[in-house]
Structure formats: structure tokens, C-alpha cells
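Letters go in sequence order (proteins before strands), and every chain restarts at 1. Side chains are part of it too, since the values below use all heavy atoms of this structure and drop only hydrogens, waters and symmetry mates.
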Amino acid sequence: MTTATQPRVDLPLARELGLSEDEYARLQGLLGRTPTLTELGITSALWSEHCSYKSSKVYLKEFPTSGPRVLQGPGENAGVVEVGHGWVAVFKMESHNHPSYIEPYQGAATGVGGILRDVFTMGARPVAMLDALRFGRLDAPRMRSLVDGVVRGIGDYGNCMGIPTVGGETGFHPSYDGNILVNAFALGIARRERIFKARAAGTGNPILYVGSRTGRDGIHGATMASDAFDAESEKKKPTVQVGDPFTEKVLLEACLEAMRTSAIVAIQDMGAAGLTSSVFEMAARGGVGFRLDLDRVPLREPGLTAYEMMLSESQERMVIVAKRGKQEEVARVFRRWGLEVATIGEVTSGSRAEIVHRGKVEASMPIAPLTDGAPVYQRPVAPPADLARRQEAPSVPEPGDPLGALEALLATPELASKEWIFRQYDHTVRTNTVAGPGGDAAVILLKGTPTGLALTSDVNPVYCFLDPRTGGRQAVAEAVRNLACAGAEPVGLTDCLNFGNPERPEIMWQFRECVRGMAEACRALGVPVVSGNVSLYNETEGRSIHPTPTVAMVGVVPDLGDMPASHFRRPGRRLVLLGTDRGEFGGSAYLRLLHGVEQGRPPAVDLDAEARLARLLRETVPWGIVRTAHDFAEGGLAVALAEATIGAGMGATLNVPLAPRDLFSESQARAIVAILPGQLERFLEAAERHGVPALEVGESGGDRLVIEADGARIDVEVARLREIWTNALPAALGL
Amino acid sequence: MKCGVVVFPGSNCDHDVYHVLKHVLDQEVVFLWHEDTSLKGCDLVVLPGGWSYGDYLRGGAMAALAPVLAAVRAHADKGGFVLGICNGFQVLTESHLLPGALRRNAGLRFECRDVWVRVERADLPFTRRYSEGQVIRMPIAHGEGNFEHFAGELDRLEAARQVVFRYVSPTGEIDPAWNFNGSARAIAGVCNEAGNVLGLMPHPERCAEEVLGNKDGLALFESLAQGAFGRLAGAAR
């Protein structure tokens, strides 16, 4: 083993590691000297966009983050919300976009692994996952193999862990041709009093390292994730981590068992920027210092330098601060599960990090200025020059053949069934899945109670591109609506804010507007943001993705016995159309997918109307009279009705006072409900009381979908729609 | 009936089986650790689903060599009940407590969906609460469930009535379109010659409660509970 000569620390090297000239000067000022290589590496990771949120922080403050149910908002590994019966839900969503584009299988797999650790590090057992995926056109280079790799990666990791993937969304759009999005959400449950935090405390308490050994994989992953792609990106493959779901599964069981020993003070997983971010963040939260002896870090191969150990993103590792004298109780549990345990340092008084390797001080730095005191930027903001043209009202052709238009929409990968994807994910393990993938919201049982947790993830990137403020509002509103269709009251939201290069004023404007729109909707609809993640620099060769603020929302269904389905299950139910159509087509699937036009203002989001619709559903669902509720999204009424009939092969006949093209309009705050026949009056009275426009339009039954509109008629066998809708995605993938 | 659920590192349906036996059927249940050499007096041993030791080699191949398997084998030899579900079925074939092998699914992809299964034998301690020829619905979730054996051995299995469950259409017909993993003769579950060891790929524990919309799997566990006491211990629930 030869010791390579360490590179000289100077500005060019700092730049290579992602620091700006100002940031490098700031670091020198903090230390009062030239940093060591290890110190430079640590700082470049902590001050990367991924770890520091330096461009986004100023706007994230606008989110409402508290509420009567919120026990932990943003700032911990995950948010914590009370869901009743003494239980809390612990959840977060995180992106793994850059690694998944470079190496889809491992990138997606370790995205799942990372978000699961964020949840169980808080003492919660993960019980459900969602995945929000955005791909480019299926005929774009590498795209089919990216789809296949991502789906296999998520499946292999989640399936092995035994945590059901109960829902999510998958979209396809050319803006992701060169930068796909993989956003993974995990939810765990815990008893209210059993939550653990990552707040180091207690001078002299030992710092334990548990889990996999440290190797050279993923070094500088956080920095890579804070950079745009170019022709050289293929060379970044070694910065992608490699996942081992089996080790994560035993780590999960061992952590939950060790947490019952009362010997753990604080615990945190090693995610982005590995040992660096975990130890610095724990110390910063607790206002303490630490000393690390890197000679004790378990290594996969000999000869790793201090720099490499501090920046490795090897997976399936955790850091624990144990009570002094009690560390053996913790260690015993991990050894029983066949995992590595090592004491690698201790908590110190004061506020400095001391890192020693082979008898040499590799880093001696103040902690707070590197974490809480990381640079914050108010980057220039400007709307795109072509905004007016983007928003110009498009002309909307009438469909000559409304049935043909409906069939064509159902045959697009965008609107087709995603069954091919979710069949590769175990969605029934843990025996809690009441409503699995494919409906409006997924619903899982909270065992031992009548209660269910409803989960959904939503965003329409085209709306966000055309008008980010409205798009941000719509993402939150649609999530609330999806939950309401299950009778669920929203209790919290987590997000993944995926955008392009924040150094471009147009991107920063998109970011600000989306966040403002989301924040407005969160306030109006009473949903706190409890955790989240920002992913910037999602662009390739200067072409940015569409702004994609993915929203994942959690709701509580008080009693699962009353819950409606998202499809028709029995004949003879009275169908009621809720909400008002305004003939809105800006950014609609109808214009975009059938006419190639992506233009106009997206449908207006009337937050008051959304709130009224949600209240109506939440009041009437517990009466047991709403047997089906399905909201309208892309493709409008026609696509929503097709989905509602395809679900169980139960047909419907409706008469709607709409022009043919308005069957595809995407006006918001709308849904179709199926009401028990004798209860129609009662429901309509409730709708009137809540101020929700309601119109009886027909009934369920038969094996055909029949829609009479003004001067047009759709009349088709449900089985035919089902075949088109089910086969489209496998066919487009060439399977 | 005292039940033991074996926990290998990587088992992930252990809690689900425990839940059904304990909370739905009110039986005495303990977890058995993979390094245990005693079964703690259990009447029924369940090898649950999951990825034992990660299954990086082949489903169940490592687990077949675990210390607890020696005790399971001795239990089976004495006529004790052994139930292997999914990965547990793989462990039983790998350890030759059951015949055959489970290869990668014919489509080479993990499959999670509901399947229709025909009960071929209702005279076993595991199936007495079903009727012969009954078609039930159960979830599957596996990547290696494609049952295979030598042609002559398959004939012998059929002759010895060791085929307990088969994948069928909703109306009970054997049909390649409904045999999602490509198993030989649509075999979803087999027993040993004595009928006290059963393995199946579908998950009866995932369809044993009304709230999940399907109770077709409950009768399998009820059959065992009834067998042990001559009556159904959890019937009051």
C-alpha cells in the first residue's frame, strides 16, 4: 500500500470540490489558516446545495410548519405527526435524481434505503412507501433501460426490506429526457413517547458506529448531486453508492431493538456526505463538540484516508451517541444481528470538531459556522423572458370523435395504468394495505385501531412550468382532494422540490413561485409541512427539467369501515358530479398529448372551493353513503370516469351538460361520487350546505361506459377501455 | 396450539404470521431465532416469507443450513407440523424437507398480485377447513416461485397426492395465463409424503382479516388450530 501524495489545498482545488471563491475565503477566515484537505472536503460537503439548502432556505421559511398534531417539523431526519390512539406517523420524502440517472438500479435502490433510514432512525418502524418517478420520452436515449433499472432498483430494495410500496406516481415528459427524477417517500409509525432524535448530548458519551463497513463508494455524492449534468457525467459513476438491502433490514431490526435498551442518547443515519454530515449535524443540534478517532472506523478495504472516510457514502451505516458505561448494551444487540459496532469517538464540551487519524489531527474546526452558519444566498430572481408566450391562451379544437380521443389518452404512458410498475413492488407485506396502488390515495390500516392512514403524492409539472404559483397551489390542492376521496383529513405534508440550476434567475423564480403557491394552499387547506428535501441543478447541457415540486401528503381516515373506493363496485348507485367546469385547457393532457400544445394558463385553483369539497367528503363519508369517490385530474371527466369504471369492470351511464371537448377540461375542485340510492337527498342537502355545486348525472351498472354530452356520446365496453389502458405501458416499453 | 415463527436475518413476514396466529386466532406464539437449536415445545413451526440472509445466492439456500433447521427437521421427522410460506417454501425445498425447486419466475420479474388457487386436497391438517376443488384468492409476492421438478418426479408427486395448491383461473381451470410464475403443472404448494410439512408460494397470512378485503387464507390457519384441539380455539372471535 503506497500512500499517495495528497494534493495541495488551494483555491483551484476548492473550486473543483464545488466551493466558490467567496466560500473558500470564508472557510479560511473561519479557521484563520489554510484548511487541510480533510477540512476542505468536509466543508465542501456541508456547504453543498444538497446539505446546506443555501439557495432555497430563504423561501422555505414561508411554509407553515406547525399545527396541533405536529410533534416535529422540518430540521430532523423526518417529520412527526400525531395520528390518534397514541400513535405518531413519521415521514419524509427525498430525491435520488442524479445517482439514478447515472446508475439507475443502484441510484434508485439507495434512494429507498436512505429514506427508510431517515424514518427508522427516529424510532419508527417503516410501514409504507411511495415513489414519485418522472421519466423522459420512452424513445429518448437510455430511457427504457432507465425505467427498467429504476423500477428494479426500487423493487429489489423495498421488497427485501419487507416494506410495502403502496402507491406513488409516474410521469413521462421530454423535459426529463436528460435528467430523470426519483423521489422516494417512507412512512413509519411509533408510539408517541418512543420517538428518538439526532441531538448529541453529554460530555464523555461514546460515539458508536454501526452497520456496514466504510468503503470508497459514493465519495462526494452530495457534491455530485449539487451539480448539473454534461457529457462528462458518465465519469461520475463512482460517486454513486451501492445498496445492500439485507444489511439494511438487519440494521432496521437491530436499531429498533437497541432503542428499547434506554442506552441511546441520539441516533442518526449516515446519508449524503456520510460520517461528515451525520456527526456534524448531531453535534450542531445538541450544541456540543466531538472528537473522532478514525483509526477505529470499520473499513471494507485498508488504506482509506481521513478525507475518504469522512466523505464516503457507503450505505447502511448509523451513528449512535450512547450513555457512557452503557454502550455494551447497545453493542450486544448489533452483534446479535451480525453487524459491525465500533466506538469511534466521544462527545466533548465546547463546540469544536476534532478528527484524528494515525496520530495526526486531520481536522480541527468550529461546528456551528459550518452547519447552521453555512452560506445562505438570496439568488437573483426573474421570470422567464417567454412567459407571456407560454401563457397565451391556446386554441382548443373540438374532438371530432370523443371516444377516439378518450382511447388515445388512455393509451399514452402518461395516463395509462402503471400496473406493470407496481406489480414489481410488494404492496401487501405487513398486512396493512387496505387500498393499494392505482387509486386516488393509498390507505393502510393502523393495526389494533379502526383508523387508516391515507397517502398520496401529486404534482403537475406542466402546470408548474406554465405558471409555477398556480402549479404549486394545485399540487397541494390535488393531494388534499385525493385524501378527501378516502374520507381522510390531511395531517401533514412532505415534499421534494426538484428544479434546475438555481444560479439562473428564471429557475430561482420558478422555485420561489412554486413554494409560495404551495405555502398559500397549505395555509388555506390547513396542512403543515413537516419535512422535505430540495433537489436543484436538475439539468443537462443547460436544459432544465420542468419545475417539479412533488407533494406527498398523509391523512387520517377515522374509520375504515366507511371508506369509499375510487372505482364503482356495485350497480344502481346514484352518480353525482361535484364542482364546476370552466372549460380550462392550459397545460391539459388533451392539448399536450393529443395536439402537441403545451401552452396557456393552467386551470385556476380556487382554494376555497377545494376546502369546501374536502369538507363535504369528510363529513359525508362517515355516514357510509358515499360508496365511490374519485377526483378529476389529467384528462378531466372522461378519463376519471374511465378509471372509475375500469377498476372493477363496473359500468356507468351519465348525462352531463358539457360540450364534447369539455369532457377533457381540467378544471379543479371536481370529483364524481356514487351514493347509495336512498341517500341521494341527504347527500345533496349536505353539498348545498357546504356550498359545493352538485348535479345528479346518472348511475352505475352494466358493463359499458356511456356518457351523453351536449351533441356527443361516448358509448364503449369497459373491457375495451381496460385493455387499452392496461397494455399501453408495457407496449410503449417494448415488452 | 403452541406455534413458533422462525426469524432468520432477513425474514420479513414473521410479524405478519405472528399477528394472524396470535391476534386473529388467539393461539400461543413465540419467535424462534435462526441460531436456536430447540423449538421450545412448539406444535407448529412456520418458516415465514422474506429474504433469509439476503438470499443473494438462491432463495432459501443459506437458511437451509441454519442451526434451527436441524431442529425443524427433527420436528418434521416426528410428525410435527411445519408450514413454509414463500421464502419458507424455498427453505423447505432447499433443505429437502419438500420435493422440487423454486426457480426465477418465468417472466424474470418480481410479481405482486392476487392469484386464484385451487385446493387439491382438503384432507390435510392444513386444509381441512377448505373443500377439495375450492377456488380461493390469495396474494403472491415473489421473484423465485417457479416450481420445477423432473418429469418423472412430478408424476410421482401427483400420484402420491402431494400437490396441495394449484394456480388456476377464477373459475378453477388450469390455464397458462393464470399461472403467473410459470410453475410446472401450475403447482403453487406441495406437502411431504406424510402430509405434515406444507410449503406454498401464496401468502395466506395476507388474506386472513375482513378489513383487508379477503379472508380466504384464514381457513389454513384455522385448520391447524382445529387439528390441535379438535375444535377451533379462536372461533369466538
Side-chain angles (χ1 to χ4, degrees), chain A residues 125 127 148 151-152 154-166 244-254 336-339 419-437 443-452 559-561 563 565 569 730 735, chain B residues 7-20 22-24 31 33-35 48-57 59 62 85-87 105 107-115 138-144 180 202-215 217-218:
Chain A
R125 177 174 283 281
V127 293
D148 185 56
V151 171
R152 281 182 193 271
I154 290 171
D156 282 0
Y157 209 102
N159 296 344
C160 180
M161 289 293 291
I163 296 156
T165 298
V166 295
D244 173 5
F246 169 66
T247 299
E248 175 115 333
K249 168 66 175 165
V250 290
L251 188 63
L252 158 67
E253 298 301 334
R336 188 172 98 91
W337 284 94
L339 289 165
E419 200 178 326
W420 180 84
I421 294 173
F422 64 70
R423 267 206 337 253
Q424 298 182 55
Y425 305 151
D426 192 339
H427 45 83
T428 51
V429 64
R430 297 210 67 80
T431 63
N432 297 321
T433 309
V434 175
V443 180
I444 60 164
L445 167 68
L446 198 55
K447 269 206 179 80
T449 78
T451 299
D559 192 332
L560 289 171
M563 203 182 74
R569 290 182 292 195
L735 296 165
Chain B
V7 180
F8 300 102
S11 292
N12 64 30
C13 303
D14 43 350
H15 291 211
D16 300 354
V17 176
Y18 183 97
H19 169 75
V20 170
K22 175 95 174 180
H23 300 121
V24 182
F31 284 119
W33 187 236
H34 67 124
E35 289 169 324
W51 266 252
S52 45
Y53 308 100
D55 276 344
Y56 288 115
L57 175 57
M62 295 279 288
I85 302 167
C86 198
N87 186 230
N105 294 348
L108 301 182
R109 284 182 191 276
F110 188 93
E111 288 278 350
C112 177
R113 58 161 92 213
D114 277 3
V115 296
M138 286 200 272
I140 56 166
H142 60 248
E144 298 179 4
F180 293 104
H203 285 276
E205 80 281 13
R206 296 190 189 181
C207 50
E209 285 179 280
E210 194 62 57
V211 66
L212 301 178
N214 181 3
K215 283 174 75 175
L218 184 61

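- Within the 4.5 angstrom heavy-atom criterion, atoms from both the backbone and the side chain of A/Val429 approach chain B.
- In this structure, A/Lys447 and B/His15 have side chains that are not in contact, with every pair of non-hydrogen atoms separated by 4.5 Å or more.
- Heavy atoms of B/His203 lying under 4.5 Å from chain A are absent altogether.
- Distance CD1/A/Ile444 to CG/B/Leu212: 11.5 Å, rounded to 0.5 Å.
- Atoms CD and CZ, on B/Glu35 and A/Arg336 in that order, are 8.0 Å from each other to the nearest 0.5 Å.
- Comparing B/Trp33, B/Tyr56, B/Tyr53 by heavy-atom pairs within less than 4.5 Å of chain A, the highest count is held by B/Trp33.
- B/Asn12 places a side-chain N or O within 3.5 Å of a backbone atom of A/Asn159 that can act as its donor or acceptor partner.
- Between A/Thr431 and B/His19, the shortest heavy-atom contact is OG1-CD2, 4.5 Å.
- The candidate from A/Arg152, A/Arg423, A/Glu248 with the greatest count of non-hydrogen atom pairs under 4.5 Å with chain B is A/Arg423.
- At a 4.5 Å heavy-atom cutoff, A/Asp156 makes no contact with chain B through either its backbone or its side chain.
- Closest non-hydrogen pair, B/Val211 versus A/Leu560, comes out as CG2-CD1, 4.1 Å.
- Summarising the geometry of A/Phe246 relative to B/Gly10, their closest heavy-atom pair is CE1-N, 3.8 Å, with the distance given to 0.1 Å.
- Residue contact with chain B, scored on non-hydrogen atoms closer than 4.5 Å, involves the backbone and the side chain of A/Pro245 alike.
- In terms of heavy-atom pairs under 4.5 Å with chain A, the best-connected choice from B/Glu210, B/Glu209, B/Glu111 is B/Glu111.
- For A/Ala254, the side chain to side chain contact (heavy atoms under 4.5 Å, CB included) test picks out A/Val333, A/Phe334, A/Trp337, A/Leu339, with sequence neighbours left out.
- Heavy atoms only, all atoms of each residue included: B/Pro139 and A/Thr428 are closest at CB-OG1, 4.0 Å.
- Contact annotation: the side chain of B/Arg109 approaches that of A/Asp148 to within less than 4.5 Å [non-hydrogen atoms, C-beta and beyond].
- Residue A/Arg430 holds its CZ atom at 12.0 Å from CD of B/Glu205, rounded to the nearest 0.5 Å.
- Both the backbone and the side chain of B/Pro9 come within less than 4.5 Å of a heavy atom of chain A.
- Smallest separation of non-hydrogen atoms from B/Arg206 and A/Asp426: NH1-OD1, 2.9 Å.
- Of all non-hydrogen atoms in A/Lys249 and B/Ser11, the two that sit nearest each other are CE-O, 3.1 Å.
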